[in-house]
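This report concerns only the one structure given below.
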Amino acid sequence: MTRKHTILDRSIIGYFVLLIFVLLFSSIGASLIDNPLSNVIPGYAKEMSGYGITATSASGIGAAIGVILAAIIFTLWFRPEFKGVLGLRGFWWGVLVMLPFLIADYVGAAIDLYTFGFGNVLVAFLSALSPGFTEEVAFRGLGIANYMRTIKSEKQIKHIFWLSTILFAAVHITNIFSGGSPVAGIFQVVYCVGVGAILGAVYLRTANLWVVMIAHFTLDFAGLINSYYTSTGGLSTQLIASDYVNLVVSAIGIVTALILLSPKNYPKIMDLWKEKWSL
């Protein structure tokens, strides 16, 4: 008999509760690992300003470890009915369907790299781990997995897809209030709609968290590796070449996502997640 989970059995409320749960573990990981590392790795810590407050902190590999731990705890909490989303099944299929999107994004990053040159590669690598892992586990990973456990109709799939996509994009508007360019911030939000859409669609079609985490990480690493973002702490203070390329990238992401989540694929998605949850 399936256990009752008072809060998590409410699909939308559960989504937001799990989002906060993941962000908490990301913050703990950053505090315990990344902040101490910033004392020995120059440039790892970033100074962020907003609403009259300035703070310096680091977030990278520690945050990534924290959210993986959160995913493991979530899986153990629902054991034995939940098989987890950290396996390999569907990984290469997910990579394949994302290839046009990923290649287009890497082209934009390559243009910026040619324009600005290399920045601090180690810092870019470590820093990219935080959004790559944290945002996938928070906005898609656990919340969508729990949502798919609770719904009864395949028509409800599109609700969590659009909720996670729009929320993911909306959160990035905060970069404008952290000292970034308002116009560049709007470009980033549009780009994030495409990123959130394709990663959400691939996750729903594969139930594989690794494929979206690693894909997201590579996007951020490719973007952060140039000296422009090294000097600005990852903020967009002006429009650059990749911002325009990212409009095309976003369009590819949205179109690909809508194809992957066309109504004819709903039964496949439901069957996949029923298997994941032993329903």
Please enumerate all residues that pass side chain to side chain donor-acceptor pair (under 3.5 Å) together with [X], with sequence neighbours excluded.
{"X": "N246", "answer": "none"}
{"X": "S242", "answer": "D112"}
{"X": "D220", "answer": "H216"}

Under the salt bridge (Lys or Arg N to Asp or Glu O under 4.0 Å) test against E275, which residue among R149, K268, R89 passes?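 Only one option passes, and that is R89.
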CG on L142 to CD1 on I73, rounded to 0.5 Å: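 Rounded to the nearest 0.5 Å, the CD1-CG separation comes to 10.0 Å.
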In a check of side chain to side chain contact (heavy atoms under 4.5 Å, CB included) between L102 and each of I252, I198, L219, which one passes?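 The residue from I252, I198, L219 that satisfies side chain to side chain contact (heavy atoms under 4.5 Å, CB included) with L102 turns out to be L219.
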May I ask you to check whether [Y] and [X] place their ring centres under 6.0 Å from each other?
{"X": "H5", "Y": "F78", "value": "yes"}
{"X": "F74", "Y": "F21", "value": "no"}
{"X": "F91", "Y": "W210", "value": "no"}

May I ask you to check if R140 and F168 form a cation-pi contact, with NZ or CZ under 6.0 angstrom from the six-membered ring centre and within 45° of the axis? yes
Check for me, please, whether I259 and I254 land in the same ILVMFWY cluster - side-chain distances under 4.5 Å, paths through other members count.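 No, it is not one cluster - the side chains of I259 and I254 are not joined through contacts under 4.5 Å.
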Do Y229 and L129 share a hydrophobic cluster (ILVMFWY, side-chain heavy atoms under 4.5 Å, transitive)?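 No; L129 is not reachable from Y229 via cluster members.
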Minimum heavy-atom distance A58-A45, with the two atoms named: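 Smallest interatomic distance, heavy atoms only, reads CB-CA, 3.9 Å.
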